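Keep in mind that the numbers below use all heavy atoms, side chains included, and drop hydrogens, waters and symmetry copies. Within every chain, numbering begins at 1; the chains are lettered A, B, ... in the order of the sequence lines, protein sequences first and strands thereafter. Quick caveat, the model's predicted, so the values are computed rather than measured.
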Amino acid sequence: MKRSELFTKTTKTVPADEAALNAKLLIRAGYVHKEMAGVYAYLPLGLRVLEKIKSIVREEMNAIGGQELLMTNLQPKAVWETTRRWDDDIVDIWFKTKMQNGEELGLAWSHEEPIMNMLRDYVHSYKDLPVAVYQFQTKLRNELRAKSGIMRGREFLMKDMYSVHATKEDLDRFYNETIEAYKRIYDRLGIGNLTYVTFASGGAFTKFSHEFQTICEAGEDWLYLDRERNVAVNEEVLDEATEELGLDKSKLEKLRSAEVGNIFNFGTDKAEQMGITFTDQDNTQKPFYYGSYGIGVTRVMGVIAELFSDDRGLVWPDNIAPYRVYLVNIGDNPEVLSRTQEVYEALQANDIDVLWDDRSVRPGEKFADGDLMGIPHRVVVSEKTMANDNLLEYKGRTDEQAVNVSLEDLVKKLTD
RNA sequence: CGGGGUGUGGCGCAGUUGGUAGCGCGCCGCGUUUGGGACGCGGAGGUCGUCCGUUCAAGUCGGAUCACCCCGACCA
C-alpha cells in the first residue's frame, strides 16, 4: 500500500473528547473513528489490526476443533424468555427494538441462548457430541457509561465460542484445552507474559469462572497475584478464592488489569432451563453440558495499544501490525524512487506487508507518521543510502539507532 | 443512574462590562524548501450544539433540551 493512497490522515492534535490513551493514539493515527460515545468505526489500518488478531484467534480455535459460524444480531424475545434473561431487571444492558408489527426483538449482547437454541436443531444424540462452535460477532450492550476508548464500548467485536458435551468430564477436558489455546493466543498477541488465568466469580453451576487478565494500568479490574505459585485472583472473589486455593493473602500483589477473556462452565443449567436434551447411549434424554468462552477482540486491541505505546505513538507487535514495514524514500530523485520501488516490490513478493510513504513531504513528517502508526520496521532509501553500497537503512520502531542492511538481509530478517 | 465539567470553521482553542467572531494546526493556489512534523505570500471555510426567552442588540444573560468528557456505581 502506498501512503499517498491511504485516505486516512494522521494528526498532531489530540482529540479533546478522549481521555483514554488507546483512543487518543488510535484516532490520531487514523485507526478508528468515533461515531459516538463507546462506538467506534474501524478504518483501514484499524481493520487490518483486527483481522490479524482474528486470524490468530481463528487458528487456535480451529486447532481445538472449533467450527466457525455467524449468528445474527437480531434475536427473538422467546429464546431469552426461556432463561428469564429477557427481563431488564435481570439483564440491564439490553438494546431492544420492535418489528413493524410490534413484535419485540433484542439486539445481541450475547449469543449464549441463541446458540443453544440453534444447536437444538442439529445435535440429538451422544454420537453428535461434543460440538464446539464459535464466531466473531458484534455485541451491543447498553452500558450506562462507556469509557476507556475501545476497551469498553457499547458496540464491540467479540470472539465467542460455545461447546456442548455429553458428560461433565468431556466438558472439563475441553474447558482445559481452551485455557491452553487462550494462552497460546495471548502469547502470539505479544501479551502472554502479562496475562494471567484468573479465578473470578462463577455462575450457578461452578464456584469460579476463569478470566484472562492482562496487567495494564488502564484496566478496570484489580488482580491479586501470587507470583511464586503463578496464581491470580480477581478482587470480586478474593476472600473465597484465597481460602479455597490456600493462598497467603499477605503475599498477594495487587495490580490493575484488563479482562481480555472469560470462560464459563455452565454445567447442565442452561440446557435444563431451555429444555434441550440429547439421547444418550442408554436411550435416556439428558441435558447438555455447556461451556462458553469469550475474547473481546476490540478490547484486546485497545489493551495492546495501551501497553506498547510510547511518547511517539503506537508500537504494534509484529504479529498484528497493520503493516510490518514503513518504507520511506527521502527526496524525489528518480534513482531513489526507482530503488524504493524495487524494495517495495521485493517486500511484497515475500508477503511482507509494507506501507510505502511515497508522499513528497519532508523526511521528518514521514518518520513521525511511521512512529505514530506504530509500524514495527522502518526502511529508508535515500541518496545517502544509495551511495553507501546501495544498502538500506533499517530501524526497528523501538530501536535507538538505525543500521545498514542489504535488501537480501532485510528480507531474510523479516521472513525468518 | 448520582456528582462534576465542556459544547465557537475539519481538529485544538481564545473571545473582556452584551455591540454582529479571532488564533494555531489542517485545507486550496504560487514560490522557495527536503535526514525528525519547513518557510514566505495570497486564499477558502463558522446562522457560536439545539429550542425558547430577556434586550434596540445575545457567542456572551435566563430557562429547557441534546451531545460529549471525568469520578462513582455497574459490566466482556
Quantified in whole Å, what is the [atom1] atom distance between nucleotide [N] and nucleotide [M]?
{"N": "B/rG46", "M": "B/rG4", "atom1": "P", "result": "37 Å"}
{"N": "B/rG62", "M": "B/rG7", "atom1": "P", "result": "14 Å"}
{"N": "B/rA44", "M": "B/rU60", "atom1": "C1'", "result": "28 Å"}

Applying the side-chain contact (heavy atoms from CB on, under 4.5 Å) criterion to A/Ser257, which one of A/Thr195, A/Leu225, A/Thr214, A/Leu223 satisfies it?
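Among A/Thr195, A/Leu225, A/Thr214, A/Leu223, the one that satisfies the side-chain contact (heavy atoms from CB on, under 4.5 Å) with A/Ser257 is A/Leu223.
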For a quick check of understanding: with a heavy-atom distance under 4.0 Å over all strands, which category does [X] fall into, base, sugar-phosphate or nothing?
{"X": "A/Arg378", "result": "base"}
{"X": "A/Gly302", "result": "nothing"}
{"X": "A/Val14", "result": "sugar-phosphate"}
{"X": "A/Lys366", "result": "nothing"}
{"X": "A/Thr385", "result": "base"}
{"X": "A/Glu393", "result": "base"}
{"X": "A/Ile93", "result": "nothing"}
{"X": "A/Thr10", "result": "base"}

Of all the nucleotides listed ([options]), which has the minimum atom distance to the side chain of [X]?
{"X": "A/Pro363", "options": "B/rG24, B/rC75, B/rU34", "value": "B/rU34"}
{"X": "A/Asp371", "options": "B/rG36, B/rG35, B/rC75", "value": "B/rG36"}
{"X": "A/Glu220", "options": "B/rG37, B/rC75, B/rG35", "value": "B/rC75"}
{"X": "A/Val380", "options": "B/rG35, B/rG72, B/rG37", "value": "B/rG35"}

May I ask you to establish whether A/Lys52 and A/Trp316 are in a cation-pi arrangement, using a distance under 6.0 Å from NZ or CZ to the six-membered ring centre and at most 45° from the ring axis?
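Not satisfied by the 6.0 Å and 45° rule.
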Any donor-acceptor pair under 3.5 Å joining the side chain of A/Arg312 to the base of B/rG37?
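No such pair is found, so the answer is no.
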Is there a donor and acceptor pair closer than 3.5 Å between the side chain of A/Arg152 and the base of B/rC74?
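Such a pair is found, so the answer is yes.
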Integer-rounded Å distance: [N] [atom2] and [X] [atom1]:
{"X": "A/Asn404", "N": "B/rG35", "atom1": "CG", "atom2": "P", "value": "17 Å"}
{"X": "A/Glu211", "N": "B/rC75", "atom1": "CD", "atom2": "P", "value": "11 Å"}
{"X": "A/Asp311", "N": "B/rG37", "atom1": "CG", "atom2": "P", "value": "14 Å"}

Would you check if the distance from the ring center of A/His210 to the ring center of A/Phe199 is below 6.0 Å?
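Between A/Phe199 and A/His210, which both carry aromatic rings, the centre distance is below 6.0 Å.
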Against A/Phe174, only a single residue in A/Tyr293, A/Tyr289, A/Tyr290 fulfils ring pair (Phe, Tyr, Trp, His ring centres under 6.0 Å); can you say which?
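Of the listed residues A/Tyr293, A/Tyr289, A/Tyr290, the ring pair (Phe, Tyr, Trp, His ring centres under 6.0 Å) partner of A/Phe174 is A/Tyr293.
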Are more than 12 heavy atoms from other residues, nucleotides or ligands located less than 6.0 Å from atom NZ of A/Lys412?
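12 or below, so no.
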Any [X] side-chain nitrogen or oxygen under 4.0 Å from OP1 or OP2 of [N]:
{"X": "A/Arg362", "N": "B/rG37", "answer": "no"}
{"X": "A/Lys34", "N": "B/rC69", "answer": "yes"}
{"X": "A/Arg28", "N": "B/rC11", "answer": "no"}

Charged N-O contact under 4.0 Å between A/Arg378 and A/Asp399
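Answer for the salt bridge query: no.
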